[in-house]
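Note sheet for the following structure.
Below, read A as the first sequence line, B as the second, and so on, with proteins coming before strands; counting in each chain starts at 1. Note that this is a predicted model, so its numbers are computed, not measured.
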Amino acid sequence: MLDIQLFRDEPEKVREGLAKRQLDTAVVDQVIEMDQQRRELIQKVEAMRAEKNTSSKEIGQIRNPKDREQKIAAMRILGDKLDSAETELSELEPKLEALLATLPNLPDPRVPLGADESENVVQKTVGDLPEFDFEPKAHWDLGPELGILDFERGVKLSGTRFYVLNGAGARLQRALVSFMLDTLTRQGYEERYTPFMVKEEVVYASGQLPKFGDNLYHDIEEDFWWVPTAEVPLTSLHKDEILEESALPISYTAYTPCFRREKISAGREVRGIKRGHQFDKVEMYVFCRPEDSEEQFKRLLADGERICQLLELPYRVSNQCTGDLGFAAAYTSDIEVWAAGCQEWLEVSSISNTRDFQARRAAIRYYPEGGKNTRFVNTLNGSGLGLPRVLIAVLENNQREDGSVVVPEALYPWMGGIEVIEP
RNA sequence: GGAGGGGUGCCAGAGUGGCCGAUUGGGGCGGUCUCGAAAACCGUUGUGGUUCUUACGGGCCACCGUGGGUUCGAAUCCCACCCCCUCCGCCA
């Protein structure tokens with residue numbers, strides 16, 4: 001949620017930010033107009049309420065029944081006026097709220113301009129791309145040949161874009177999750193295991209609702225929403241709380257499955273397990289003071305990169321352009337790992353600073369020490385990392401000519417003695 | 001799912017129509033006392049909105065689980081919902 005104060009004080013800044021996201025800036029005037037109306041109504045309503053309060057107190061004191069009746073009659077008339085003004089206000093406020101809720105965060109000035117992800121700007125590439133003296137296979141061939149990836153049975157159970165991992169494949173995935181959680185925990189992130197189904201207000205708080213409901217699975221009977229990312233429950237962990245400044249920054253890591261309808265991309269990238277309706281992810285999440293969020297962003301990025309390094313995966317970091325930038329983010333960097341079989345950079349992490357955008361929606365504040373007013377915290381999120389894609393890269397990059405795959409050393413503690421996956 | 005009990009400020013816990021934004025106790029913070037600490041004593045201690053010739057300041061309004069209703073007036077009465085506890089049922 002954008003700060004309404006920003007519309008009052010610096011409407012140009014808001015227009016500029018929205019324009020960068022290819023949005024119609026007419027909403028800015030609409031918001032300002034509604035805000036103006038709202039404040040006028042509030043003044044009207046509160047003046048009447050003040051009068052009502054004092055009169056009601058007086059009525060309590062009046063002994064003379066005639067005077068009393070007279071006063072009460074007058075109050076009935078005022079009450080009716082108040083009612084209609086209150087109704088007007090109670091209709092306007094949700095409208096203003098709803099309008100604001102549809103507006104994305106303003107992009108940081110440093111975010112490169114661009115229409116879509118093809119215009120993201122690569123910052124650096126780390127690690128050498130693996131070379132082979134044979135033709136490396138893509139995971140959709142490698143996996144089934146190893147017997148660890150079963151597309152047919154996934155489809156049998158749930159339809160297209162679902163698969164089953166077998167034996168060492170399932171174990172490898174589990175090892176990756178454990179490895180990431182343990183590595184991040186050592187870096188100072190506290191692990192959380194959260195619900196995978198949450199209330200509507202929780203999905204709203206992190207920004208997926210109201211605009212992106214069509215990418216979410218929703219149980220209508222119980223009004224449960226299936227989490228599309230751990231970012232959703234982690235944001236609301238401190239919803240409606242006032243935190244101690246001394247407790248900040250608070251850093252969490254969490255494993256969750258993620259559920260997405262992916263209707264938009266229905267025809268794209270169907271091959272393999274790169275994109276599905278269900279996938280696993282380990283997430284990093286930080287609540288911090290506004291003045292620390294820049295530094296925390298760097299930390300998240302470094303910790304995401306570290307996972308790639310430990311797994312010996314070549315990766316590159318790029319800055320998302322305005323056209324690719326997520327709804328809640330002020331700026332975002334992506335980490336992509338190289339997958340030697342499908343010959344592609346796979347996005348395995350998006351690290352975002354949402355500043356106070358989510359904190360406003362979720363009402364997460366803190367007391368600055370010595371200060372007397374609460375402030376909104378800043379929140380940041382990033383994958384650390386997204387699962388099936390890391391699995392793809394590990395399999396494809398570490399394959400040998402005989403079709404076997406060498407497990408990265410970093411995963412040994414969780415692989416139960418499996419160092420090579422063989423057909 | 002069934003029966004019963006309950007949701008009040010940081011915590012405990014009063015309050016059954018106007019004197020309640022809320023008694024009291026604890027905690028926190030500031031102070032007195034002390035070499036220092038404890039004890040004792042004094043003071044203070046929520047959030048949000050809005051407004052005022054922008055103030056470490058003042059006014060007004062709202063908030064006693066949530067949303068409606070009754071009333072000149074609701075923490076207090078009525079309705080619906082949510083959550084928690086106990087017992088029964090079911091289960092991992």
Side-chain angles (χ1 to χ4, degrees), chain A residues 1-10 31-101 193-205 218-225 233 236-248 250 257 287 356 358-377:
Chain A
M1 185 80 74
L2 294 172
D3 186 358
I4 188 80
Q5 199 65 42
L6 208 56
F7 289 78
R8 295 173 192 162
D9 300 342
E10 301 175 85
V31 168
I32 292 170
E33 167 73 22
M34 288 170 87
D35 177 50
Q36 191 65 38
Q37 279 180 31
R38 173 177 165 269
R39 286 191 287 169
E40 279 166 20
L41 266 173
I42 284 175
Q43 287 178 51
K44 238 169 83 179
V45 164
E46 292 193 345
M48 282 192 267
R49 285 213 271 241
E51 193 185 334
K52 187 180 89 170
N53 287 343
T54 48
S55 290
S56 291
K57 253 175 213 155
E58 282 166 26
I59 288 168
Q61 311 297 323
I62 296 172
R63 292 282 154 256
N64 183 326
K66 207 170 166 187
D67 291 351
R68 202 180 158 95
E69 267 317 306
Q70 208 173 8
K71 196 94 182 172
I72 288 176
M75 285 316 296
R76 284 211 184 94
I77 293 166
L78 180 72
D80 288 344
K81 272 203 214 160
L82 178 58
D83 261 357
S84 70
E86 275 179 334
T87 304
E88 215 181 317
L89 184 61
S90 68
E91 283 166 0
L92 180 64
E93 280 189 320
K95 275 186 203 159
L96 177 56
E97 187 103 348
L99 185 58
L100 278 175
Y193 171 87
T194 72
F196 303 155
M197 297 143 84
V198 295
K199 295 179 189 175
E200 178 172 351
E201 67 196 58
V202 168
V203 189
Y204 172 88
H218 178 204
D219 170 18
I220 298 161
E221 269 182 27
E222 307 288 348
D223 196 31
F224 278 133
W225 297 74
S236 286
L237 227 41
H238 293 294
K239 187 167 141 56
D240 299 320
E241 290 182 21
I242 298 173
L243 306 169
E244 294 294 330
E245 182 173 26
S246 59
L248 301 175
I250 298 172
F287 302 83
D356 63 4
Q358 291 178 327
R360 259 173 216 290
R361 293 186 160 224
I364 308 166
R365 292 161 293 163
Y366 76 100
Y367 262 122
E369 268 152 40
K372 57 188 205 75
N373 292 116
T374 56
R375 294 175 78 196
F376 288 107
V377 299

Practice prompt. Strictly below 4.0 Å, heavy-atom distances to any atom of RNA chain B: list the hits from residues 34-41 of chain A, or just say none.
Written response: A:R38, A:R39

Item to complete: Mind running a 4.0 Å heavy-atom check of residues 73-90 of chain A against RNA chain B and sending the residues that fall below it, in number order?
Response: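 Hits under 4.0 Å, by residue number: A:M75, A:R76.
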
Using a 4.5 Å cut-off on heavy atoms from C-beta on, say whether the side chain of [Y] contacts that of [X].
| X | Y | answer |
| --- | --- | --- |
| A:M1 | A:Y204 | yes |
| A:K66 | A:E69 | no |
| A:E200 | A:V203 | no |
| A:R49 | A:E86 | yes |
| A:L2 | A:F7 | yes |

Worksheet entry | Residue A:R68, side-chain heavy atoms: nucleotide from B:C19, B:C72, B:G49 that is nearest | B:C72

Discussion item. By nearest atom, which of the nucleotides B:C72, B:G48, B:U51 is closest to the A:Q43 side chain?
Written reply: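 Within the option list, the nearest is B:U51.
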
Whole-angstrom distance between [N] and [M], as gauged at atom [atom1]:
| N | M | atom1 | value |
| --- | --- | --- | --- |
| B:A75 | B:C20 | P | 12 Å |
| B:G48 | B:A40 | C1' | 38 Å |
| B:C10 | B:G28 | C1' | 8 Å |
| B:C85 | B:G13 | P | 16 Å |
| B:C83 | B:U70 | C1' | 26 Å |
| B:G18 | B:U86 | P | 36 Å |
| B:A37 | B:G31 | P | 11 Å |
| B:U32 | B:A38 | C1' | 15 Å |

Worksheet entry | A:L96 CG to A:I4 CD1 distance, which is reported to the nearest 0.5 Å | 5.0 Å

Worksheet item: In Å, rounded to the nearest 0.5 Å, how long is the span from CD of A:E88 to NZ of A:K44?
Response: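 NZ of A:K44 is found 5.5 Å from CD of A:E88.
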
Worksheet entry | 5'-most by nearest nucleotide on RNA chain B - A:R8 or A:I72 |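 This one resolves to A:R8.
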
Item to complete: Could you say whether A:I42 or A:S56 is positioned toward the 5' end of RNA chain B, judged by the nucleotide with the nearest heavy atom to each?
Response: A:S56

Worksheet entry | nucleotides 56-63 of chain B: protein proximity per nucleotide (B base, S sugar-phosphate only, - neither; heavy atom, under 4.0 Å) | SS--BBS-

Item to complete: Kindly say if A:T374 contacts the phosphate of B:G48, meaning a side-chain N or O under 4.0 Å from OP1 or OP2.
Response: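 Answer is yes, contact under 4.0 Å.
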
Discussion item. Keeping A:R38 on the side-chain end and A:L89 on the backbone end, is there a donor-acceptor pair under 3.5 Å?
Written reply: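 No, A:R38 side chain to A:L89 backbone: no donor-acceptor pair under 3.5 Å.
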
Item to complete: Please check if the side chain of A:S236 supplies one atom and the backbone of A:P233 the other of a donor-acceptor pair under 3.5 Å.
Response: no

Worksheet item: What do you reckon, is CD of A:E241 surrounded by more than 12 foreign heavy atoms closer than 6.0 Å?
Response: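 Yes, enclosed.
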
